[in-house]
Amino acid sequence: MSHPEWLNTACFYEIYPQSFLDSNHDGIGDIKGIIKKLDYIKDLGFNALWINPIYLSPFYDAGYDVTDFKKVAPRYGSNADLYHLFSLAHEKGIKVLLDLVPGHTAMDSKWFKESCKAKKNKYSSRYIWTDKVWNSPKDLPVLRGISERDGAVVTNFFSIQPALNYGFYEVKEAYEDKITDEGPQATIKEMIDIIKFWLSKGCDGFRCDMAGWLVKRDPTQDGTVKVWKQILSEVKKEYPNSAFVSEWNNPEKSLQAGFDMDFLLQDEFNPYNSQLARIEKPFFQFNKEKKDASLFFHHFLEVYDYAKKYDKFVSIISGNHDTKRISAWLNQEELKFYYTFMYTTPNVPFLYYGDEIGMKFINNLTSVEGGYQRTGSRSPMQWDKSKNAGFSKADKLYIPLDKNYKRICVEEEKNDPDSLLLFIKTLLEIKRNHVALDNDAAFDLIDNKTYSPLIYLRKKDEEELLIAINPASEESLVSYPNEMDGNVILSIGKINIDEEKKTIHLAPYSLIILA
């Protein structure tokens, strides 16, 4: 099952809806706020959106605790507002992914309330219940004493998120279902129905939360792969151009399961993906350290080859709502180097709102909606120098702004020719105008040691581009293919090209895209 063709040129922008733009002055961002900024998103060069959950929720976990999968939360607007967003985005050539939360619901969900009843009903097996309130699997968290039903219920991420029942890969107790049993199959059918509902309204696909953890006691994740194959094969029959990206960080499982792309997540638990931008002295930081990206590329080349085999993608990100902002490691000039890499390597790239201006991570914020240490990455978008940085006219904001009076904003960056914002706009225009930078274009890493400089070729149809990036404090000499004309598409820093010798002299902290 190949990917939708539109992913070949897709560049995603992630929106955390409560922090993007407040249109009704209640201190919380909303759908109409997103609509107002569609032209801004298009003008930058993005042609696809991922919107974090906007469903009805008690918001203990920022909407990842869903009450009703088919209803928009009133604080964000209405279903009609979201349908209007789909329509307007499509008119502007922008695709829209929603966030699917397949693993659990909120405790106030109708499904869960019915499941808690002692009398058996259609929702009794929608969640994972033990047969007695004092019984519980030793390897899974549970809640007990919350229902008239005699049993304990398995939970997922937070304890207020009862886990939906997709069965057990290794069944140990009589109350545990196999994937093929009635309860798990009813859950799968319901999830297919939810997906098709939103696709029928104009949604273009989904980012799937915690995609690799549906089936319980599934050490190889083969059971979860089986479930997603069932879901996605059924959906793709009717909606072949819909796209699905998994929060799995394991392309060998997720792409096999039918996803079109998988995030290469960056956090302290992943030394491979974090080596470029999120370790103590990352590759793209302008420091005196020896520049070695071999750990990243050892992993990347492996998963890239796997993705190609399935005609699918991996996704490199600037960050997201769960990670500390990338500006905690890289300043604006260093970010230009990272973004050049992100948008010129073969992947479907995702940029988190605010990262286009280098918004800061705000330390020591009181947790909002289960954000805890992540809350500092969820502060309101900084649009201008007016009240509340142009995010809202409310007297009180739901999540506090960066209090630094010198905080950066979109309005200032638009008027600075050297700004990160305008650099990203230029970079996306270059990507849009050169097929060799399409997400599916061929990739050849020239320096397999991957010490600085980082050199690679991209090729599609008759076009071939060389990208050389030197984030080190030493100069470098790079050769380029004889068939290239030596035309500079983009450069930063001091560059000297010898067309006769077919070499490029890269000064410290310089980069080039060459045709």
Side-chain angles (χ1 to χ4, degrees), residues 11-22 27-29 33-34 36-37 40-41 43-46 49-52 62 266-267 274 276-278 282 284-285 316-340 342-343 349-369 371-392 394 397-416 418-425 427-428:
C11 291
F12 278 90
Y13 187 88
E14 178 191 350
I15 292 178
Y16 192 67
Q18 64 172 305
S19 295
F20 194 59
L21 185 66
D22 171 19
I28 302 175
I34 296 172
K36 284 185 177 182
K37 292 298 181 180
Y40 164 79
I41 292 163
D43 183 62
L44 276 182
F46 294 99
L49 295 177
W50 158 30
I51 302 174
N52 293 112
Q266 301 174 26
D267 54 41
S274 299
L276 301 184
R278 279 188 155 82
F284 284 112
Q285 192 178 84
I316 297 175
I317 63 176
S318 69
N320 64 27
H321 58 289
D322 284 334
T323 60
K324 184 179 275 193
R325 282 196 181 271
I326 194 170
S327 60
W329 291 271
L330 303 180
N331 63 33
Q332 290 220 358
E333 291 307 306
E334 293 161 345
L335 280 171
K336 291 177 182 178
F337 280 58
Y338 177 76
Y339 290 151
T340 299
M342 189 170 100
Y343 288 114
F350 282 73
L351 186 129
Y352 186 47
Y353 84 98
D355 283 352
E356 71 270 32
I357 57 172
M359 270 178 61
K360 302 299 182 185
F361 176 82
I362 306 174
N363 290 301
N364 304 316
L365 282 185
T366 301
S367 178
V368 177
E369 295 186 358
Y372 298 101
Q373 295 84 359
R374 305 168 297 174
T375 306
S377 290
R378 302 175 177 186
S379 59
M381 182 65 176
Q382 295 158 200
W383 294 106
D384 55 41
K385 290 296 184 181
S386 66
K387 179 180 178 178
N388 296 325
F391 163 72
S392 172
L397 302 185
Y398 200 51
I399 298 178
L401 269 165
D402 181 356
K403 292 181 180 178
N404 187 339
Y405 74 97
K406 292 183 178 179
R407 61 179 175 244
I408 199 71
C409 67
V410 170
E411 184 180 54
E412 282 188 345
E413 294 250 319
K414 276 184 175 180
N415 297 318
D416 178 1
D418 295 323
S419 71
L420 182 62
L421 182 78
L422 293 187
F423 179 79
I424 286 180
K425 183 176 179 178
L427 197 56
L428 291 179

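As a basis for the values below, the full set of heavy atoms in this structure was taken, side chains included, without hydrogen atoms, waters or symmetry mates.
The structure places CZ of F423 at 9.0 Å from CD of E333, a figure rounded to the nearest 0.5 Å. The distance from the OG atom of S318 to the OH atom of Y13 is 9.5 Å, given to the nearest 0.5 Å. Expressed to the nearest 0.5 Å, how far CZ of F391 lies from CG of L397 amounts to 6.0 Å. Atom CZ of residue F46 and atom CD1 of residue I15 lie 10.5 Å apart, to the nearest 0.5 angstrom. Note: K336 NZ to E334 CD = 11.5 Å, rounded to the nearest 0.5 Å. E369 contributes atom CD, which lies 6.5 Å from atom CD1 of I399 (distance to the nearest 0.5 angstrom).
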Does the side-chain contact (heavy atoms from CB on, under 4.5 Å) test come out yes or no for I408 and L420, once each step is laid out?
CA-CA 11 Å; I408 199 71; L420 182 62; over 6 Å; no
Assess the residue pair R407 and Q382 against the criterion (side-chain hydrogen bond (donor to acceptor under 3.5 Å, both in side chains)); give the C-alpha distance rounded to whole Å, side-chain angles, the decisive distance to 0.1 Å, and a yes or no.
CA-CA 8 Å; R407 61 179 175 244; Q382 295 158 200; 5.3 Å; no
Using the side-chain contact (heavy atoms from CB on, under 4.5 Å) rule, take I326 and Y339 through it: C-alpha gap first, then chi angles, then the decisive distance, then the call.
CA-CA 11 Å; I326 194 170; Y339 290 151; 4.0 Å; yes
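Residues meeting the ring-ring contact (aromatic ring centres under 6.0 Å, His included) test with Y352, sequence neighbours left out: none. In this view, D43 and K425 satisfy the salt bridge (Lys or Arg N to Asp or Glu O under 4.0 Å) rule, not counting sequence neighbours.
Here the closest heavy-atom approach between residue G390 and residue W383 is recorded as O-CD1, 3.8 Å. The shortest non-hydrogen separation linking S19 to S379 is CB-O, 3.7 Å. Between L365 and G376 the shortest heavy-atom distance is CD1-CA, 4.0 Å. Heavy-atom minimum distance, I362 versus P400: CD1-O, 4.2 Å. Across G27 and A394, no two heavy atoms sit closer than the pair N-CB, 3.5 Å. Of all non-hydrogen atoms in Q332 and I357, the two that sit nearest each other are NE2-O, 2.8 Å.
I316 is not listed as a side-chain neighbour of L276, based on a closest heavy-atom distance of 4.5 Å or more. Side-chain atoms of N52 and P17, non-hydrogen and from C-beta on, do get closer than 4.5 Å to each other. Counting only heavy atoms from C-beta outward, the side chains of T340 and F284 never approach each other to under 4.5 Å. Within the 4.5 Å cutoff, the side chain of D416 has no heavy atoms near those of the L422 side chain. Between Y40 and V410 the shortest side-chain heavy-atom distance falls below 4.5 Å.
Aromatic ring orientation, F20 versus Y353: perpendicular (interplanar angle above 60°, classes split at 30° and 60°).
For the pair E411 and K414, the salt-bridge criterion is not met [side-chain N within less than 4.0 Å of a carboxylate O].
With E14 contributing its side chain and N320 its backbone, the two residues share no donor-acceptor pair below 3.5 Å. Not one N or O on the side chain of R378 forms a donor-acceptor pair closer than 3.5 Å with the backbone of T375.
The stretch residues 353-364 participates, sequence neighbours left out, in these salt bridge (charged side-chain N to carboxylate O under 4.0 Å, His left out) pairs: R325-D355.
When the shell of 6.0 Å around CG of N404 is examined, it contains more than 12 heavy atoms from other residues, nucleotides or ligands.
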